[in-house]
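For ligands, and for the atoms within them, numbers begin at 1 and follow the listed sequence.
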Amino acid sequence: MTPTSALSVPKRLILAKPRGFCAGVERAIEIVEIALKIYPPPVYVYHEIVHNTHVVKDLGSRGAIFVNSVSETPDGSVLVFSAHGVSPAIREEAKLKNLKLIDATCPLVTKVHMEAILFAKQGNTIILVGHEGHDEVVGTMGEAPERIVLVDTPEDVEKLQVENPDKVAVITQTTLSLDDTKDTIAAIKKKFPKVIFPPKEDICYATTNRQIAVKDLAKKADLVLVIGSENSSNSKRLQEVSKDMGVRAHLIDDVTKIRQEWFQGVETVAITAGASAPEHLVQEVLEYFRKLGVSEVKEVEVISEAVKFGLPPELTKELSQAAR
Ligand code: SF4
């Protein structure tokens, strides 16, 4: 997109840090990249590996085929489970097809699955706070479908009826808004005073840190641009969090979605990116503003991050065999 000079031009950009890829997304993409190197193409991926159109398109051009059901994969082929995780039923179906399975589920999603299994074994009704239909929620609910109920809002909690109000546990989708979830959790605590929680928060560090950073920047900005795809839960939450701060915010897939009329009366633009958005998309947006004549660009580090996850054992084993 070529900027035109007739319209308003912001004075400065502030760039959130942390932004963009989290450790779970980096790992999931690396897993597909390695699989594409060590196995003959194609490599099948169950659902979008991460919720970003550019990542999916890029891996697709290199030999990955994204499928929405196990039945779409030929017997004996390689299948990668996405970062959002899958239900045990999908794992079983895949095993029956004699597939080479590689699990790119983020370890922090696996942690929520483990909590669901444990709480179900203890005889609790499990309230999952999350968004209906999201891949992660579908996978988590599959761990104990007969014991998990899904709620999204305090109103959902109001309507909820459970078997035994004294045996209730709560788990949470990893990519929710911290503020919205607080209200839902407060409603759950009010209705079920004996409710129990996992020892460690489910909303993950990356979601939390990106929301804290964008809140900090939104205080100083007239407009927030969030780089991320429409189906990316954590990216959408960054837009919502900014709007809740009283600042206009747009979720953009890439630089081509920017509209210069948004800059009318805008001096400072804050930029962030969802956990599944690659850094090159951020750099392309910065380049757009540079061409527009914005020279004041400041990166603001609100929280430092140094999380890294190891590769799954099924892949490290293959890699060490390939190296011999
Ligand atoms: S957003 Fe959080 S849970 Fe999701 S992949 Fe990243 S680190 Fe894992």
With heavy atoms of Y205 as the reference, note each atom of ligand 1 found under 4.0 Å away. 7 (S)

Identify the closest protein heavy atom to atom 2 (Fe) of ligand 1: which residue and atom is it, and at what distance? C204 SG, 2.3 Å

Identify, by atom number and element, the atoms of ligand 1 in contact range of T174, meaning under 4.0 Å from any of its heavy atoms. 3 (S)

Do H84 and H47 have ring centroids that are under 6.0 Å from one another? no

In the protein, what heavy atom is nearest to atom 8 (Fe) of ligand 1, and what distance, to one decimal place, separates them? C106 SG, 2.3 Å

For the pair E296 and K11, find out whether any cationic side-chain nitrogen is under 4.0 Å from an anionic carboxylate oxygen. no

Tell me whether the count of non-hydrogen atoms from other residues, nucleotides or ligands lying under 6.0 Å of CD in E261 goes above 12. yes

Just say parallel, tilted or perpendicular for the rings of H54 and H280, cut-offs at 30° and 60°. perpendicular

For atom 7 (S) of ligand 1, grab the closest protein heavy atom and report residue, atom and distance to one decimal in Å. C22 SG, 3.6 Å

Would you kindly say whether S233 and R237 are connected by a side-chain donor-acceptor distance under 3.5 Å? yes

